[in-house]
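For reference, the structure is listed below as structure tokens.
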Amino acid sequence: MDLATLETKLLLALFLPGLLVIFFTRVTFHHIVGLTLTIALIAASVYAGYTHNWILYVADAASLTVGFWYATRMVKKARKHGKQEEG
């Protein structure tokens, strides 16, 4: 694998999993489901052979963590805002 390919995969691994968690959370309205769907996509990617470097695994994990943190915060804020409108 050449350096340009690794750099591209690393850049995508840093941002894409976190964005996918947020996207799936917005679609399903549940942050655990968003995380599970994203992990399933990453597992399929690893199984297909697109990810085969420990640096990419670490980048995926970091991005998942940040995305899950933000999605959890987003869901809590939405629930709090919804309860304030009701009562």
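Since the structure is predicted, the reported quantities are computational estimates derived from the model, not experimental observations. Residue numbers count from 1 along this sequence. Just so it is clear, the values below take in all heavy atoms, side chains as well, and ignore hydrogens, waters and symmetry mates.
Connection of Trp54 to Leu10 is established within a shared hydrophobic cluster, with ILVMFWY side chains joined at heavy-atom distances below 4.5 Å, either directly or through further cluster members.
Under the 4.5 Å side-chain criterion, counting only non-hydrogen atoms from C-beta, Phe24 is in contact with Leu20. Residues His52 and Lys9 have side chains in contact (heavy-atom distance under 4.5 Å, counting atoms from C-beta outward).
Here the CG-CD1 distance, from Asp60 to Ile55, works out to 12.0 Å after rounding to the nearest 0.5 Å. Separating the NZ atom in Lys80 from the NZ atom in Lys76 is a distance of 11.0 Å, to the nearest 0.5 Å.
The environment of OH in Tyr57 is crowded: more than 12 heavy-atom neighbours from other residues, nucleotides or ligands sit within 6.0 Å.
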Using a 3.5 Å cut-off and no angle test, enumerate the donor-acceptor pairs between side-chain atoms of residues 62-75 and protein atoms at least two apart in sequence or in another chain.
residue, atom, partner, partner atom, Å
Ser63, OG, Leu14, O, 3.1
Ser63, OG, Gly18, N, 2.7
Thr65, OG1, Ala61, O, 2.8
Thr72, OG1, Phe68, O, 2.8

Do any side-chain atoms of residues 32-41 form donor-acceptor pairs under 3.5 angstrom with protein atoms, and if so which ones, sequence neighbours left out?
residue, atom, partner, partner atom, Å
Thr36, OG1, Ile32, O, 2.8
Thr38, OG1, Val21, N, 3.4
Thr38, OG1, Gly34, O, 2.8

Carefully, step by step, assess Asn53 and Leu56 under the rule side chain to side chain contact (heavy atoms under 4.5 Å, CB included). CA-CA 5 Å; Asn53 193 333; Leu56 296 176; 4.1 Å; yes
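Residues that satisfy the side chain to side chain contact (heavy atoms under 4.5 Å, CB included) test with Tyr50, not counting sequence neighbours, are Ser45, Ala48.
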